[in-house]
*Asks:* 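Input: one structure, supplied below.
The first residue in the sequence is number 1, and the count goes up from there.
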Amino acid sequence: MGSIATYIADKAAKKKQTPAEWLEGNLKNFDRYWVSSHIGRYTHPDAAVHLHDDSSPTGKGYLTTADTAVQQDIFVDGGSAFMTIASFLVSRFSQKETIAEQKDDLEAKTAWQYFREDSPFIRREIESLGIKYEPLREKILRIQISKIPEESDERLKQVYFPIPDHDGEYHLLSILPPSVLMLELTNRIRMAFQVQRKCQDKKSECYGGSYKFFPDLTNVRFGGANVQNVSTRNSSLGMQVLPSLPPCLTSRKIKMPKRNFFFDSLYWRSFIKMLFHLDALLRDRRHNLEMRERREDIILDFVEPILYEANRLQTLPAGWSKDTELTEEQAVWLDAAYSNQRQTDTDWIWPVCMDFSRWLVNAYGWFCRIETRKEISLSDAELHSIASTMEAVLKQEVREG
């Protein structure tokens, strides 16, 4: 979310290039891209089968890619090493002015959509970088369209489907998940979550309004040890899936903490996109109001999914924390047995916020080691600042609870 120009400029700066050089260098790999609706990598990360469903809507009540208005997906031949421009094209950008407005913008579109619509917004953003818009758009719109493959891939799951009235004969079918439908479902769930938070925020003009709530969601990533080869989004955020009932395997969905909620129940790689943004912010040594607001927005991006996981633990049968070594403060926060104490005595909030701050610093350290970057050290004042951002959110939850 945010400015297209800023996105490109930041990416170029990390490579010590101009925006034009960054785009030109990555567009050399454009012949590896195909617009697709079904991608075999969601079954196996090394499968190269992909196709684009351009059939006419059936209108018979079935949920298909032809019957649903969804964003297009992009298949990249070669995996994560060539996904840079694909990641840019499927990222969502807002036309709003301020960071706060951009964060809550429910009408933000992908760069790919803006290019296809020839939006004045993306023209201004590209030209502000000193890049000629028309040649760039023309090149991007020449992206190939996936065709029906001539053969399947042995790494895909195969289904033997018997042919009626032909004893012993069958069709051999390959299962190709419709990636565009998975992406669309994930986007709609996250947009609904944004609306929910605005309707619960007393400072929002939407406070008290109606919203949709999706319980027992599952966040999934495809590809096993090679999640990055499936797609950039799969690697950083994964896909959200509605519960399939029955059965509802709640115990398998919640990772129970034993000693520390943040370190036991949260997987730092799930926050890798946010850690990229945090790292870029820490390396920018400007100290002004805009940078402070940007820092707070990034920290809030961490807080939102963390609160979601905490809320799930709060729905478990009261007393579950007695079999753990959680601190008293974390137990009060997470265990329904302490719900009354949680509301009347808020001494638990600051220790929990400092635990969050220490976990974030640890996650940032792992991120820097994996990315082979020099870690930016944070002072005690910065740790307290991070904790203060979460403290404000938790205090608001207590007031509204």
Side-chain angles (χ1 to χ4, degrees), residues 100 103-104 192-217 248 250-251 253-266 271 292-293 295-363 380-401:
K103 190 174 186 300
D104 292 333
F193 191 65
Q194 280 183 281
V195 172
Q196 176 189 347
R197 292 197 64 83
K198 291 174 71 174
C199 291
Q200 294 175 334
D201 183 359
K202 290 183 178 180
K203 297 179 181 179
S204 170
E205 60 182 15
C206 300
Y207 178 69
S210 60
Y211 58 84
K212 297 176 182 177
F213 174 68
F214 299 97
D216 300 320
L217 292 173
C248 184
T250 305
S251 60
K253 294 178 182 176
I254 301 179
K255 188 175 181 181
M256 302 295 292
K258 293 297 183 183
R259 295 181 177 85
N260 187 300
F261 162 71
F262 295 98
F263 288 89
D264 295 346
S265 297
L266 304 176
F271 300 84
R292 288 195 295 273
E293 290 179 344
R295 179 201 64 81
E296 185 165 354
D297 282 335
I298 291 173
I299 300 305
L300 287 174
D301 284 341
F302 284 93
V303 170
E304 190 172 273
I306 288 173
L307 290 184
Y308 172 74
E309 292 300 324
N311 291 338
R312 295 173 72 199
L313 289 170
Q314 291 168 1
T315 64
L316 296 179
W320 63 264
S321 65
K322 291 180 180 179
D323 297 326
T324 71
E325 298 177 26
L326 290 177
T327 63
E328 181 181 351
E329 293 82 8
Q330 288 196 19
V332 170
W333 178 36
L334 300 171
D335 192 337
Y338 304 99
S339 57
N340 291 334
Q341 181 179 345
R342 189 188 309 145
Q343 296 296 124
T344 57
D345 181 5
T346 57
D347 288 345
W348 59 271
I349 292 181
W350 183 250
V352 165
C353 295
M354 285 302 296
D355 288 342
F356 160 66
S357 192
R358 286 186 282 268
W359 169 82
L360 181 55
V361 170
N362 183 273
D380 288 342
E382 288 171 312
L383 286 175
H384 281 73
S385 178
I386 291 171
S388 295
T389 299
M390 186 175 189
E391 181 187 31
V393 177
L394 289 180
K395 283 185 174 180
Q396 180 180 333
E397 281 205 340
V398 169
R399 287 193 298 268
E400 295 176 354

*Asks:* With under 30° as parallel and over 60° as perpendicular, where do the rings of F262 and F356 fit, or are they tilted in between?
*Replies:*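 Rings of F262 and F356: tilted, as their planes differ by 30° to 60°.
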
*Asks:* Short question: side chain of S357, backbone of L383 - any donor-acceptor pair under 3.5 Å?
*Replies:*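 Looks like yes, one N/O pair under 3.5 Å.
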
*Asks:* Ignoring hydrogens, what is the shortest heavy-atom contact between S321 and T324? Give both atom names and the distance.
*Replies:*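 Looking at all heavy atoms of both residues, the shortest contact is O-OG1, 2.7 Å.
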
*Asks:* At their closest point, which heavy atom of V398 faces which heavy atom of R342, and how far apart are they?
*Replies:*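 Residues V398 and R342, closest heavy atoms: CG2-O, 4.0 Å.
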
*Asks:* Quick one: CD on Q396 to CZ on R399, what's the gap to the nearest 0.5 Å?
*Replies:*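 Nearest 0.5 Å value for the CD-CZ distance: 6.0 Å.
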
*Asks:* Go through it in stages, so that I can follow the logic: the residues are L394 and L307, the test is side-chain contact (heavy atoms from CB on, under 4.5 Å), and I'd like the CA-CA distance, side-chain angles, deciding distance and then a yes or no.
*Replies:* CA-CA 9 Å; L394 289 180; L307 290 184; 3.6 Å; yes

*Asks:* On a heavy-atom basis, which atom in P305 and which in F302 lie closest, and how many Å separate them?
*Replies:*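 Answer, listing the atom of P305 first, then F302: CD-O, 3.2 Å.
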
*Asks:* Throw together a table of side-chain donor-acceptor distances under 3.5 angstrom for residues 203-213, partners on residues two or more places apart or in other chains.
*Replies:*
residue	atom	partner	partner atom	Å
S204	OG	K198	O	3.3
S204	OG	C206	N	3.1
Y211	OH	Q200	NE2	3.0

*Asks:* Look up atom CD1 in I306 and atom CG in D301, then write down how far apart they are to the nearest 0.5 Å.
*Replies:*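 Rounded to the nearest 0.5 Å, the CD1-CG separation comes out at 11.0 Å.
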
*Asks:* Please enumerate all residues that pass ring-ring contact (aromatic ring centres under 6.0 Å, His included) together with W350, with sequence neighbours excluded.
*Replies:*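 Expected list: H384.
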
*Asks:* What do you reckon, are the aromatic ring centroids of W333 and F261 less than 6.0 Å apart?
*Replies:*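 Close enough - the centres of the two rings lie under 6.0 Å apart.
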
*Asks:* List the atom of M390, the atom of C353, and the distance in Å for their closest heavy-atom pair.
*Replies:*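 Of all heavy-atom pairs spanning M390 and C353, the closest is C-SG, 3.8 Å.
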
*Asks:* About how many Å separate CE of M354 and CG of D380, when rounded to the nearest 0.5 Å?
*Replies:*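 It comes to 7.5 Å.
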
*Asks:* Between the side chain of D335 and the main-chain N/O of A318, is any donor-acceptor distance below 3.5 Å?
*Replies:*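 Not confirmed, D335 side chain does not pair with A318 backbone.
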
*Asks:* Can you give me the closest heavy-atom contact between D264 and R259, atom names plus distance?
*Replies:*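 Where D264 meets R259 most closely, the heavy atoms are OD2-N, 2.7 Å.
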
*Asks:* Under the side-chain contact (heavy atoms from CB on, under 4.5 Å) criterion, do I299 and E296 qualify, and how do the steps go?
*Replies:* CA-CA 5 Å; I299 300 305; E296 185 165 354; 5.8 Å; no

*Asks:* If you apply the rule side-chain contact (heavy atoms from CB on, under 4.5 Å), what do you find for E382 with V361, and how did you get there?
*Replies:* CA-CA 10 Å; E382 288 171 312; V361 170; over 6 Å; no

*Asks:* To the nearest 0.5 angstrom, please state how far the CD atom of Q196 sits from the CZ atom of F214.
*Replies:*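 Rounded to the nearest 0.5 Å, the CD-CZ separation comes out at 10.0 Å.
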
*Asks:* Do you know the tightest heavy-atom contact between L266 and F271?
*Replies:*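 Here L266 and F271 meet closest at CB-CE1, 4.3 Å.
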
*Asks:* Hey, could you give me the CZ/CG distance between R358 and N260, rounded to the nearest 0.5 Å?
*Replies:*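 Rounded to the nearest 0.5 Å, the CZ-CG separation comes to 8.5 Å.
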
*Asks:* With rounding to the nearest 0.5 angstrom, report the CD to OG1 distance, E329 to T346.
*Replies:*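 Nearest 0.5 Å value for the CD-OG1 distance: 12.0 Å.
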
*Asks:* Do D345 and Y338 come close enough that some side-chain heavy atom pair is under 4.5 Å?
*Replies:*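 No, every pair of side-chain atoms sits at 4.5 Å or beyond.
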
*Asks:* Inspect the surroundings of CD in E328 and state if more than 12 heavy atoms from other residues, nucleotides or ligands are less than 6.0 Å away.
*Replies:*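 It does not: E328 CD has 12 such atoms or fewer within range.
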
